[in-house]
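Numbers restart at 1 for each chain; the letters A, B, ... are given by sequence-line order, proteins then strands. It should be emphasised that the depicted structure is a prediction, and the values quoted were computed from it without experimental measurement.
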Amino acid sequence: MNLHAIKAIYLFEMARTWRTLLQSVVSPVISTALYFIVFGSAIGGHMAPIDGVEYGAFIVPGLIMLTLLTQSISNASFGIYFPRFIGTIYEVLSAPISYVEIVIGYVGAAATKSMMLGLIILATSTFFVNVRVDHPVWMLGFLVLTAVTFSLFGFIIGIWADNFEKLQMIPLLVVTPLTFLGGSFYSIDMLPPFWRSVTLFNPVVYLVSGFRWSFFGVSDVHIAVSLGMTLVFLAACLVAVWWIFKTGYRLKS
Amino acid sequence: MQPILRVENLSKVYEGGFTALRDVNLELRQGEIFALLGPNGAGKTTLISIICGLVNPSAGKVEVAGHDIIADYRAARAQIGLVPQELKTDSFETVWATVSFSRGLFGKKRNDAHIERVLKELSLWDKKDNKIMTLSGGMKRRVLIAKALSHEPRVLFLDEPTAGVDVELRRDMWRLVRQLREDGVTIILTTHYLEEAEEMADRIGVIRKGDLMLVEEKTALMRQFGQKRLTIHLNAPLSAIPAALGGHGLALGADGRDLVLSYATGAGEAPVSNVLRGLAMAGIAYNDLETHQSSLEDIFVELMREHA
């Protein structure tokens with residue numbers, strides 16, 4: 001294993017976070033704080049508790065998940081797309097480094113950044129609402145699993161995209177709507193039966209549900225189902241990345 | 001002695017059917033400078049890209065220091081440094097950070113002393129904390145070379161390294177390349193400046209339409225294909241070449257004031273002394289002599305024309 005190379009890619013990617021601290025960290029934290037103010041404090045004060053959890057606290061796992069998904073995807077997709085765009089990818093592809101090591105470097109850095117943000121948002125939420133974490137190990141487990149899975153997904157988008165529009169297309173047109181409709185701000189039990197059934201086809205439901213269970217011990221679907229669905233998506237992303245490197249798709253001719 | 005680079009029956013057909021390389025065979029010795037010449041689209045960059053792992057070969061085999069570039073890619077690639085043709089650099093990183101990154105990427109432990117030495121050799125030391133975006137094109141080219149040398153490669157590919165750079169940088173690069181050769185680094189150079197290849201290379205390869213037509217020692221190539229021309233400026237014009245000078249292969253200039261003798265570079269002194277002796281015997285006076293030796297560029301142009 002070329003540990004020096006993994007470290008080089010990881011630190012190179014993390015350096016971009018520190019260089020663009022305002023964009024990378026401060027901006028998502030402020031956006032999420034606004035959600036807490038509007039949905040948690042202002043509107044939430046007029047909402048009845050859901051499954052015995054105050055509405056302001058109820059949305060915390062969903063908001064963290066929203067940031068985790070969007071940031072994992074955007075960090076990882078940009079991380080691999082930009083070297084392709086400016087041509088510096090030649091150096092990574094000609095280095096004595098395996099595909100697995102390349103993925104660990106890029107995806108590891110993207111996942112680290114989004115997990116940092118997730119934890120910062122969790123800390124921020126305590127200023128606005130009373131939040132508790134019943135199963136901290138599970139919470140961290142879901143945090144890591146989701147960040148890695150969606151960073152892999154972002155890596156795939158970064159390889160697939162051949163312009164900046166495509167880079168933004170999936171996160172904006174697919175991931176964000178799925179997250180908003182995936183129970184981030186409500187329990188899917190609140191939906192009519194038909195829409196509840198439709199919602200079960202949304203993979204984000206399982207992520208939010210499992211993550212929320214780790215906080216409050218309540219969930220829309222069983223924790224095992226949440227975990228299973230997340231692992232299925234992780235496996236699908238791993239297979240796609242394996243295929244990309246096996247075929248050299250968009251990387252080698 | 002084992003070659004540092006061995007290419008066997010290498011072919012590349014791109015999707016769409018374009019054949020970029022046809023059955024290329026090549027062996028390079030450690031510590032030589034090899035100039036790969038060819039017109040645009042000849043296959044130079046494809047050959048380099050396959051060896052460096054950027055393009056998949058369609059057929060054939062490549063070994064670097066005895067390591068197969070596919071089966072044993074880690075060991076093979078660790079030996080190679082690549083300076084690409086285009087200026088592909090980061091913008092927001094500092095010179096120091098990007099060169100250090102390259103060293104790590106190639107699996108080498110941090111070594112600040114080595115990075116410092118490379119930056120100093122390339123006159124980049126005072127720019128080490130500058131962001132790359134603030135550098136001139138020539139300086140960015142130096143950064144690319146520094147990145148390629150950061151992991152101490154045994155084989156260095158310079159793909160059009162002096163394209164668009166000023167004379168000073170070109171001379172600096174030549175000096176560096178010679179120094180690297182003395183240190184045992186094998187250098188593969190592609191260039192459009194044939195005087196550069198003539199000045200630097202130990203051996204020359206000529207590639208055209210994916211065929212490596214010729215690989216030859218530079219001096220042997222110059223001797224084999226080179227021509228010399230002797231021009232004799234006469235005191236008085238001649239209307240025709242005198243019979244006494246027949247058989248020397250002389251030609252008369254347009255105004256009758258010049259006699260021109262063309263002969264092979266490796267022919268020695270005989271043709272010249274024979275003609276001069278003939279002139280003396282025929283009583284033809286001359287006031288000046290001028291010789292011209294064909295350059296690598298002349299030879300290259302001639303080879304391209306022959307195989308067109």
Side-chain angles (χ1 to χ4, degrees), chain A residues 1-24 75 78-106 108-109 159 162 164 243-253, chain B residues 12-16 18 20 46 48-58 64 67 69 72-94 97-98 100-111 131-133 144 147-148 150-151 153 157 159:
Chain A
M1 175 98 29
N2 187 345
L3 293 176
H4 290 298
I6 295 173
K7 184 181 163 193
I9 293 174
Y10 183 85
L11 293 180
F12 188 89
E13 284 298 298
M14 291 305 290
R16 189 151 47 81
T17 308
W18 312 131
R19 266 203 316 269
T20 56
L21 203 62
L22 207 64
Q23 179 197 332
S24 301
N75 287 333
F78 189 81
I80 189 68
Y81 176 76
F82 199 61
R84 286 180 57 224
F85 178 71
I86 60 174
T88 53
I89 192 74
Y90 84 87
E91 200 177 15
V92 174
L93 295 176
S94 64
I97 175 169
S98 73
Y99 300 141
V100 172
E101 290 155 2
I102 292 174
V103 171
I104 292 174
Y106 280 106
I159 298 278
D162 50 14
F164 278 98
W243 176 84
I244 283 170
F245 282 116
K246 185 174 182 292
T247 60
Y249 173 74
R250 299 260 163 117
L251 289 173
K252 283 188 182 188
S253 47
Chain B
K12 175 64 186 178
V13 181
Y14 283 105
E15 266 181 46
F18 174 70
T46 298
I48 290 174
S49 299
I50 290 176
I51 296 168
C52 294
L54 299 171
V55 169
N56 294 319
S58 302
V64 182
H67 304 289
I69 60 160
D72 197 7
Y73 70 92
R74 282 186 198 272
R77 290 184 195 174
Q79 315 290 331
I80 297 174
L82 168 65
V83 180
Q85 198 176 122
E86 291 167 37
L87 281 176
K88 297 168 177 174
T89 59
D90 299 299
S91 296
F92 306 105
E93 290 291 325
T94 63
T98 196
S100 301
F101 167 74
S102 300
R103 183 175 174 84
L105 198 59
F106 276 74
K108 285 287 179 86
K109 249 192 335 193
R110 181 174 171 163
N111 184 340
K131 285 186 177 176
I132 299 167
M133 64 193 291
L144 285 179
K147 283 165 79 69
S150 65
H151 62 281
F157 287 94
D159 196 1

>> Within this structure, what is the CG-CD1 distance for the pair B:Leu87 and A:Ile86, rounded to the nearest 0.5 Å?
In response: 12.0 Å

>> Between B:Lys108 and A:His4 (side chain of the first, backbone of the second, donor and acceptor by atom type, cut-off under 3.5 Å), is there such a pair?
In response: no

> Does CZ in A:Arg250 sit with more than 12 non-hydrogen atoms of other residues, nucleotides or ligands closer than 6.0 Å?
Replying inline: yes

>> Out of B:Leu82, B:Leu54, B:Thr46, return the one with the most heavy atom pairs under 4.5 angstrom to chain A.
In response: B:Leu54

> Nearest 0.5 Å, what's the OH-OG distance between A:Tyr90 and B:Ser49?
Replying inline: 11.5 Å

> If you count the non-hydrogen atoms of other residues, nucleotides and ligands that lie under 6.0 Å from NZ in B:Lys88, is the total more than 12?
Replying inline: yes

>> Quick check on B:Tyr14 against chain A: is it the side chain, the backbone, both or neither that has a heavy atom closer than 4.5 Å?
In response: side chain

>> Ignoring hydrogens, what is the shortest heavy-atom contact between A:Asn2 and B:Gly107? Give both atom names and the distance.
In response: OD1-CA, 3.2 Å

> Step by step, would you call B:Phe101 with A:Ile9 a side-chain contact (heavy atoms from CB on, under 4.5 Å)?
Replying inline: CA-CA 8 Å; B:Phe101 167 74; A:Ile9 293 174; 4.2 Å; yes

>> Shorter than 4.5 Å, heavy atoms on both sides: which option in B:Gly53, B:Ala75, B:Ala148, B:Ala76 has the most such pairs with chain A?
In response: B:Gly53

> Which atom names give the shortest non-hydrogen contact between A:Glu91 and B:Phe106, and what distance separates them?
Replying inline: O-CE1, 4.2 Å

> Top residue by heavy-atom pair count (under 4.5 Å) with chain A, among B:Glu86, B:Lys147, B:Glu15?
Replying inline: B:Lys147

> In terms of heavy-atom proximity below 4.5 Å to chain A, should B:Ile51 be classed as side chain, backbone, both, or neither?
Replying inline: neither

>> I need the minimum non-hydrogen distance between A:Ile97 and B:Arg74, along with the two atoms involved.
In response: CA-NH1, 4.1 Å

> Under a 4.0 Å N-O cut-off, is there an ion pair linking B:Glu93 with A:Arg16?
Replying inline: no

> For A:Thr88 and B:Thr89, which heavy atoms make the closest approach, and how far apart are they?
Replying inline: CG2-C, 3.6 Å

>> Could you go through B:Asp90 and A:Phe12, starting from their C-alpha distance and side-chain angles, then the distance that decides it, and tell me whether this counts as side-chain contact (heavy atoms from CB on, under 4.5 Å)?
In response: CA-CA 11 Å; B:Asp90 299 299; A:Phe12 188 89; 3.6 Å; yes

>> Using heavy-atom distances under 4.5 Å, tell me whether B:Ser102 contacts chain A through its side chain, its backbone, both, or neither.
In response: both

> When you measure from the side chain of B:Arg77 to the backbone N and O of A:Leu93, does any donor-acceptor pair fall under 3.5 Å?
Replying inline: yes

> Between A:Ser98, A:Gly248, A:Pro83, A:Ala15, which has the largest tally of heavy atom pairs under 4.5 Å with chain B?
Replying inline: A:Ser98

